[in-house]
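Report on one structure; see the data block that follows.
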Amino acid sequence: MPNTTDDIMTENPIPHIDMHRDYEKRPYVEPVLSVSPDILIERNEDAKVQEYLGEWQENKRLGRLTAIVLCGDARVWIPEEVGVRTASVRALGAGGDEKFKQQFAGIMNSHGVNSVAFLGHYDGGKFTPRKSPSGCGITDEHGRQMSTGEEADPNGYENYASRQIRHEDPVMQTIYSSLDAVDLTDRWVGAVALDHRTGNVLPVGYFRHADGGYTSETGVNPLYFDKRRYNATKIYAKGMPRISESQLNNMPDALHNYLNDWQEAMEQTRVEYTKRGIDYKEAVKVQNPSIISLSTDPRPLGIMYRLGPNTAFKLRVPRSSIEDDEFIKPDSLKEVLDQAHYPISQNLKNFSEPGAAFSNTHTLLIQTKYMEKSRQIAEVAMSQDYVQNWLNVPDEKHPHQIIVGQVNKGQVSQMDVFK
């Protein structure tokens, strides 16, 4: 059997940052980015990146990784401090039916992974008690479809939202995904609400189905797991639900420590922004990444290139490995391209409005273990009309491009502009 184990433009925009020129001034780069193969290769070869990649590999060897399934949203950023302990699976809305999730079962069950978590993100700046959280574009799209009864196009992100998202509430979607995953792994699985305006993580439940037993601890009354009984007024009566103090104390150490370290890292990140005169919440108010990343590598893109918040919209390409050869199924690739349609379509709609969501999205970065595989994915992408339209957007400052790369264990060996 194949195995799948791993072998910000805002209302107060951050000034343009050329990632090559200003690299030494900041621990990581932020938007707007100028992107080229040479710049990406140089950043990947940096000593700090190499240190991070070494730490990641050692944490894998020692079984210290947490497999995180989270939305590709560029504002959902994995801090570097925990990135070295993260096997990252990026999928819109952290969604997917059982078949979709099986594509990542090998990662969740890898000897290097000790726990799993699904993170559903929302906009804490807009959230109010007694109302459903919002801010994840794909769960919002699912809600729109449910309310209008509109039939989704068979291709693109609307199709993904229709088939792979089960709830318009991103927190409930996360719980659903977590409950699905316990039948695919014997690891503890956490359901986490992530406020992308602050980066704060709040555990709302943890689950496990192993050794003949089943554990379910949650801050949401299981009555509301039934979508027919969903009641936002009651679920969010006191704000965002959370597990109790006793449940938190009983949370498995691997999950508890990982989430604590994430929280502390984001608190420090916001302090660093404040020292530079930037309000972090405003810096990530509008999603406007420069890069769309499609990658088979489970290492967070941030530690491979030291990319900061709101720089890249990230999606993982599921793969199988047979005798060290990388195999990507056509239906899996279609799922990824349907998801990639979301940021591309938003750019096509907004590119002429500076500061609007995705108006700066100009580079599609495709990375696999073999250059030929990356080129094949690029060719399939190029066959999509929306990709052709996006490549022809008249952006004089940042011409739209596809960059393909060969990456093994986070190390770039080759990278070119695809033509």
Side-chain angles (χ1 to χ4, degrees), residues 69-74 76 89-105 118-123 132-181 183-184 191 193-194 196 224-232 287 292 294 313-318 328-350 357-358 361 377 380-381 383-387 389-390:
V69 185
L70 65 172
C71 189
D73 192 295
V76 179
V89 176
R90 292 284 194 153
L92 292 188
D97 58 18
E98 183 178 357
K99 180 180 177 182
F100 185 93
K101 290 186 178 70
Q102 284 174 341
Q103 299 174 114
F104 306 112
F118 286 78
L119 277 66
H121 75 101
Y122 67 100
D123 187 336
S132 299
S134 63
C136 174
I138 207 68
T139 53
D140 289 348
E141 168 62 22
H142 178 81
R144 186 191 68 79
Q145 292 177 6
M146 293 301 99
S147 64
T148 63
E150 182 179 310
E151 187 173 337
D153 189 290
N155 297 295
Y157 74 89
E158 293 180 359
N159 176 51
Y160 175 91
S162 173
R163 296 187 304 103
Q164 303 293 4
I165 299 298
R166 293 161 58 192
H167 210 294
E168 65 271 22
D169 180 330
V171 175
M172 294 305 300
Q173 172 61 42
T174 297
I175 291 175
Y176 282 9
S177 289
S178 301
L179 292 171
D180 289 343
D183 290 328
L184 300 174
L194 185 151
H196 65 237
Y224 304 121
F225 291 181
D226 184 339
K227 193 172 183 179
R228 295 168 299 180
R229 296 178 178 272
Y230 177 75
N231 188 321
Q287 182 174 195
I292 303 167
L294 309 184
F313 189 100
K314 298 164 281 288
L315 296 168
R316 189 171 191 277
V317 181
I328 300 167
K329 297 178 181 180
D331 58 344
S332 297
L333 181 55
K334 182 184 184 306
E335 291 282 7
V336 173
L337 293 177
D338 279 354
Q339 295 176 76
H341 175 242
Y342 180 73
I344 290 173
S345 67
Q346 301 306 300
N347 175 262
L348 287 170
K349 181 173 66 175
N350 294 336
F358 294 98
T361 305
I377 293 175
V380 176
S383 71
Q384 310 300 310
D385 289 343
Y386 62 87
V387 174
N389 293 337
W390 173 76

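None of these values were measured; they are calculated from a predicted model.
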_Sole residue of Leu315, Thr139, Ile165 in side-chain contact (heavy atoms from CB on, under 4.5 Å) with Leu92_ = Leu315
_Listed partners of Tyr386 passing ring-ring contact (aromatic ring centres under 6.0 Å, His included), at least two apart_ = His341
*State which residues pass salt bridge (charged side-chain N to carboxylate O under 4.0 Å, His left out) with Asp183; sequence neighbours excluded, sorted by chain then number.*
none
_Flag, side chain of Glu158 to backbone of Ala152, donor-acceptor distance under 3.5 Å_ = no
_Val317: which residues meet the side-chain contact (heavy atoms from CB on, under 4.5 Å) condition with it, sequence neighbours left out?_
Leu294, Thr296, Ile328, Val336, Ile377
_Considering all heavy atoms, the nearest Ala232-Tyr230 contact_ = CB-OH, 3.6 Å
*Of all residues at least two apart in sequence or in a different chain, which pass the salt bridge (charged side-chain N to carboxylate O under 4.0 Å, His left out) check with Asp385?*
none
*Does the side chain of Ser134 come within less than 4.5 Å of Asp123's, by heavy atoms?*
no
_Suppose we screen for ring-ring contact (aromatic ring centres under 6.0 Å, His included). Which residues come up paired with Phe225, at least two apart in sequence or across chains?_
none
*Taking Asn350 for the side chain and Ala357 for the main chain, is one N or O donor matched with an acceptor at less than 3.5 Å?*
yes
_Option passing side-chain contact (heavy atoms from CB on, under 4.5 Å) with Leu194 (candidates Asp73, Val76, Thr174)_ = Val76
*Residue list, salt bridge (charged side-chain N to carboxylate O under 4.0 Å, His left out) with Lys227, at least two apart or on another chain*: Glu168
*Please name all residues satisfying salt bridge (charged side-chain N to carboxylate O under 4.0 Å, His left out) with Asp140, sequence neighbours left out, ordered by chain then number.*
none
*Quick one: salt bridge (charged side-chain N to carboxylate O under 4.0 Å, His left out) pairs with a partner in residues 145-157, sequence neighbours left out?*
Arg144-Glu150
*Between the side chains of Glu335 and Gln164, does any donor sit under 3.5 Å from an acceptor?*
yes
*Go through the structure and list residues passing side-chain contact (heavy atoms from CB on, under 4.5 Å) with Pro343, not counting sequence neighbours.*
Ile292, Phe313, Phe358
*Taking side-chain contact (heavy atoms from CB on, under 4.5 Å) as the test, write out the residues that go with Asn231, two or more places apart.*
Tyr224, Thr233, Lys234
*Would you kindly say whether Glu141 and Gln145 are connected by a side-chain donor-acceptor distance under 3.5 Å?*
yes
*Closest non-hydrogen atom pair, His142 against Ala161*: ND1-O, 3.0 Å
*Indicate yes or no: at least one non-hydrogen side-chain atom of Val380 is less than 4.5 angstrom from one of Lys334.*
no
*Could you list the residues that satisfy ring-ring contact (aromatic ring centres under 6.0 Å, His included) with His196, not counting sequence neighbours?*
His121
*Do you know the tightest heavy-atom contact between Ala94 and Val69?*
CB-O, 3.7 Å
*With sequence neighbours left out, what residues match Ser177 under side-chain contact (heavy atoms from CB on, under 4.5 Å)?*
Lys101, Phe118, Gln173
